Amino acid sequence: MAEERKTLKLPAGYPFAGQVLEEMLSQEAISKRVKELAAEISSRYEGKIPIIIGVLNGSFLFMADLVRNLTIDFEVDFIKISSYGSSTTSSGTVRLLKDISADITGRDVIVVEDIVDTGLSLSFLKHRLENAGPESVAFVTCLYKPEIARHDFPIDFIAFSIENRYVVGYGLDLDQKLRGLPSIYAFKEGEPDNG
Ligand code: 5GP
């Protein structure tokens, strides 16, 4: 018999209260994949000390787990951008809310994203960081939506490709909430049901 998926009913006071989300990626699956990615990154950057830039807010848990599993040394910095506001669809414009502090000139940079959805944020970040003259820029994302992502350059490391459903947990929010869920949950199909 197929194992039943974990579900989560959104409580009163939350957007889409009463709707049921189902677990898409378990804590175990995430942890296993993060270790694999960390091994790949460690081997690619052997002998180097990259600057790892986390894209706030969504990447904080993924980044923490990823760096804990690296076998190379590294520095960290953060950048904060916004493309979603408080809704669950992209606003179509990206705003820089907090820039990096580190000087990345001549450095190997690894950008850590929570999710690549339209790819708009990714393109914005690539442009911003390449302007600062780094030696290299690579992108790592926990989640990738291949059906809708549009970008004309490769993403170096992808933990999971997923279908086009709005996901929460493991750093990803629903109106700034639910980021602390240890696994990743999805609305049952496509966009959350407003009706
Ligand atoms: P993009 O610019 O690729 O369309 O969107 C990137 C940002 O939108 C992500 O870093 C994330 O903050 C937010 N986002 C996109 N898709 C989802 C989703 O399914 N769930 C959540 N919680 N945030 C998302």
Side-chain angles (χ1 to χ4, degrees), residues 7-8 10-11 14-17 19-27 29-30 34 37 52-66 77-100 109-130 137-194:
T7 57
L8 168 76
L10 291 172
Y14 280 64
F16 313 106
Q19 280 193 44
V20 176
L21 276 57
E22 60 185 10
E23 191 178 61
M24 180 187 252
L25 293 163
S26 70
Q27 225 177 320
I30 295 169
V34 166
L37 270 192
I52 303 185
I53 299 181
V55 184
L56 296 171
N57 292 333
S59 74
F60 74 111
L61 291 183
F62 175 53
M63 175 147 160
D65 286 346
L66 191 68
D77 200 359
F78 294 91
I79 192 165
K80 184 166 182 171
I81 54 173
S82 136
S83 74
Y84 260 60
S86 64
S87 91
T88 52
T89 47
S90 179
S91 66
T93 51
V94 180
R95 285 186 307 138
L96 182 63
L97 302 179
K98 179 213 167 292
D99 207 351
I100 50 168
V109 172
I110 304 176
V111 181
V112 181
E113 270 271 29
D114 52 355
I115 185 164
V116 176
D117 182 285
T118 61
L120 209 69
S121 305
L122 200 71
S123 303
F124 176 93
L125 288 165
K126 185 173 165 70
H127 187 251
R128 160 69 191 96
L129 297 171
E130 283 185 351
V137 180
F139 289 92
V140 187
T141 186
C142 182
L143 302 173
Y144 181 66
K145 293 182 183 169
E147 285 166 49
I148 47 172
R150 298 278 170 275
H151 47 92
D152 52 9
F153 53 90
I155 298 176
D156 304 75
F157 306 94
I158 296 173
F160 300 97
S161 285
I162 60 167
E163 55 192 294
N164 184 18
R165 292 161 74 185
Y166 194 80
V167 286
V168 299
Y170 197 57
L172 290 144
D173 74 311
L174 178 65
D175 218 359
Q176 298 304 326
K177 297 172 201 64
L178 300 176
R179 291 193 196 271
L181 293 171
S183 57
I184 294 172
Y185 286 80
F187 279 87
K188 286 219 158 150
E189 52 196 49
E191 289 300 314
D193 182 3
N194 274 301

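Whatever order the structure lists them in is the order used to number ligands and atoms, beginning at 1. This is a predicted model, so every value here is computed, not measured.
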Looking only at heavy atoms, is any part of Asp114 under 4.0 Å from ligand 1, and if so is it the side chain, the backbone, or both, or is it neither? side chain
Just let me know how Arg165 lines up against ligand 1, side chain, backbone, both or neither, with a heavy-atom cut-off below 4.0 Å.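 It is the backbone that touches ligand 1; the side chain stays farther off.
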Minimal non-hydrogen separation, [X] against [Y], with atom names:
X: Ala29; Y: Phe160; answer: O-CZ, 3.6 Å
X: Tyr170; Y: Val34; answer: OH-CG2, 3.9 Å
X: Ile53; Y: Ile79; answer: CG2-CG2, 3.8 Å
X: Phe60; Y: Asn57; answer: CD2-O, 3.0 Å

Show which atoms of ligand 1 fall inside a sub-4.0 Å distance from at least one heavy-atom site of [X].
X: Leu172; answer: 21 (C), 22 (N), 23 (N)
X: Gly119; answer: 1 (P), 3 (O), 4 (O)
X: Ser121; answer: 1 (P), 2 (O), 5 (O), 6 (C)
X: Leu120; answer: 2 (O), 3 (O)
X: Glu113; answer: 10 (O)
X: Lys145; answer: 16 (N), 17 (C), 18 (C), 19 (O)

Best match, Val55, Ile115, Asn164, Ile81: closest heavy atom to atom 9 (C) of ligand 1: Ile115
To the nearest 0.5 Å, what is the distance between NE2 (His151) and CZ (Phe139)? 10.0 Å
Could you state the interatomic distance from CZ (Phe78) to CG (Asp99), rounded to the nearest 0.5 Å?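 CG of Asp99 is found 14.0 Å from CZ of Phe78.
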Go through the structure and list residues passing salt bridge (Lys or Arg N to Asp or Glu O under 4.0 Å) with Asp77, not counting sequence neighbours. none
Touching ligand 1 at all, [X]? Heavy atoms, strictly under 4.0 Å?
X: Val168; result: no
X: Asp173; result: yes
X: Gly58; result: no

Consider every N or O of Val116 and every N or O of ligand 1, then say whether any pair is closer than 3.5 Å. no
Can you confirm, on distance only, whether ligand 1 has an N/O atom lying under 3.5 Å from any N/O atom belonging to Val167?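 Yes.
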For Thr118, does its backbone N or O pair with a side-chain atom of Arg150 as donor and acceptor, under 3.5 Å? no
Donor-acceptor pairs under 3.5 angstrom involving side-chain atoms of residues 178-186: please list them, not counting sequence neighbours.
from, atom 1, to, atom 2, distance (Å)
Arg179, NH1, Gly171, O, 2.9
Arg179, NH2, Gln176, OE1, 2.6
Ser183, OG, Glu23, OE2, 2.7

